[in-house]
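Scroll down for the structure; my scribbles are underneath it.
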Amino acid sequence: MPTTPEASQIDAAREWRRHLHSIPELGFGEHKTSAFVAEKLRSFGLEVHQGIGQTGVVGILRKGSGSQAIALRADMDALKITEQTNLPYASTHQGQMPACGHDGHMAMLLGAAHHLSRHGQFSGTVHFIFQPNEEHGRGAKAMIADGLFERFAFAEIYGIHNMPGMPVGAFATRAGPLMASEDNFEIRFRGKGGHAARPQVANDPIVIAAHAILALQTIVSRRVSALDTAVVSVTEVLTDGTRNVLPETVILKGDTRSYRPEIQKIIEAEMRRIAAGIAQSFGAEVDVTYTQEFASTVNHDSASQHALAAARATPGIDRVDAEPEPLMGSEDFGLFLNHKPGNFAFLGNGVDGANGQPLHNPHYDFNDAALGPGIAYWSSIVHRKLPA
Ligand SMILES: [Zn+2]
Ligand SMILES: [Zn+2]
């Protein structure tokens with residue numbers, strides 16, 4: 001089964017990667033990026049659909065008579081960071097940078113479409129999904145709302161993220177939780193403002209909010225099982241008070257993480273109960289806004305076994321870790337996994353220089369040496385899942 005892309009195909013992917021690197025665009029602003037991706041997919045002979053979830057693109061490659069279909073996904077957006085790599089192909093868009101390596105994710109997926117359109121010996125349909133706005137967790141939702149699942153029938157979905165600090169040729173994924181959900185909250189206490197010297201005729205919401213800040217920590221310690229994982233962080237305390245004035249309002253803002261929707265529900269419900277109870281006990285009013293920003297990324301069992309087997313059979317991948325520690329960071333791919341079986345995996349980006357810098361760092365760069373293993377992995381997923 002031909003899973004090794006030719007050197008000329010990897011060279012082409014490197015050119016596309018460097019071009020995409022030079023034109024980074026923020027979420028839902030990926031106009032040049034998506035036009036480039038669509039043009040390449042068309043040039044390989046794929047059926048191409050644009051404008052799905054604003055700037056999203058789907059390319060379709062069919063071979064043989066097989067009725068099975070899968071989807072492979074890359075993300076397209078960049079970050080509001082000023083690049084400091086001094087690379088010859090550095091960002092030409094002031095203040096915008098592909099600092100999460102999504103340029104490399106696109107190049108790997110374009111490389112796979114290129115390779116499979118020419119040398120693929122599979123039977124079935126592959127959907128190449130290029131998703132906008134991953135960084136703010138809005139793109140997957142937009143594509144789904146725009147009919148992604150109804151317009152494109154596929155049974156499973158797979159994703160890759162590059163990982164600095166893992167050597168090139170290393171691959172890691174696991175069945176079950178891989179990345180956390182992210183929810184945000186805003187709790188607004190309204191008391192009664194007044195003179196700092198006469199609190200007895202006011203109703204100081206700072207003291208009320210202070211009780212709430214401490215009580216919120218009991219959600220994880222007393223409402224979530226010790227065998228589960230959750231984080232509740234109050235990250236901002238905003239008041240309209242000043243040196244000698246007790247405020248009228250205190251706003252607490254923060255962020256919560258967990259791996260399971262059940263835990264998200266517990267955190268939200270307990271937060272609302274604690275805020276309402278504390279406000280009532282002090283005679284104040286409270287409003288709670290709780291929003292789900294990212295779903296958790298929980299890999300499905302059989303798709304993960306498939307991903308691991310495909311990686312073990314991929315030329316250029318020489319180290320496969322089937323039990324990596326889950327990360328508390330979040331990834332928009334998780335939302336797809338709430339609807340479809342699939343797997344999200346990490347691919348080594350190297351440990352040295354710009355390739356070993358952390359994601360979202362102004363000195364980071366995707367490693368072109370990871371293109372070959374990435375393209376070969378995609379090819380391996382397709383050939384093993386849709387055998388001719
Ligand atoms: Zn990112
Ligand atoms: Zn990313």
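Just so it is clear, the model here is predicted, and its values are computed rather than measured. Whatever order the structure lists ligands and atoms in, that order sets their numbers, starting from 1.
Between D287 and the options R190, R272, R188, a salt bridge (Lys or Arg N to Asp or Glu O under 4.0 Å) holds for only R190.
A salt bridge links D365 to R17: one of the charged nitrogens lies within less than 4.0 Å of a carboxylate oxygen.
Rounding to 10°, one obtains 100° for the angle at the Zn ion (ligand 2) between SG (C100) and NE2 (H102). Annotation: angle subtended at the Zn ion (ligand 1) by E135 OE2 and H360 NE2 is 100°, to 10°.
Ring geometry, H161 versus H105: the interplanar angle exceeds 60°, so the pair is classed perpendicular (tilted spans 30 to 60°). Using a 30° and 60° split on the angle between ring planes, H119 and H115 fall in the tilted class, from 30° to 60°.
Taking backbone and side-chain atoms together, H105 has no N/O/S atom less than 2.8 Å away from the Zn ion (ligand 2).
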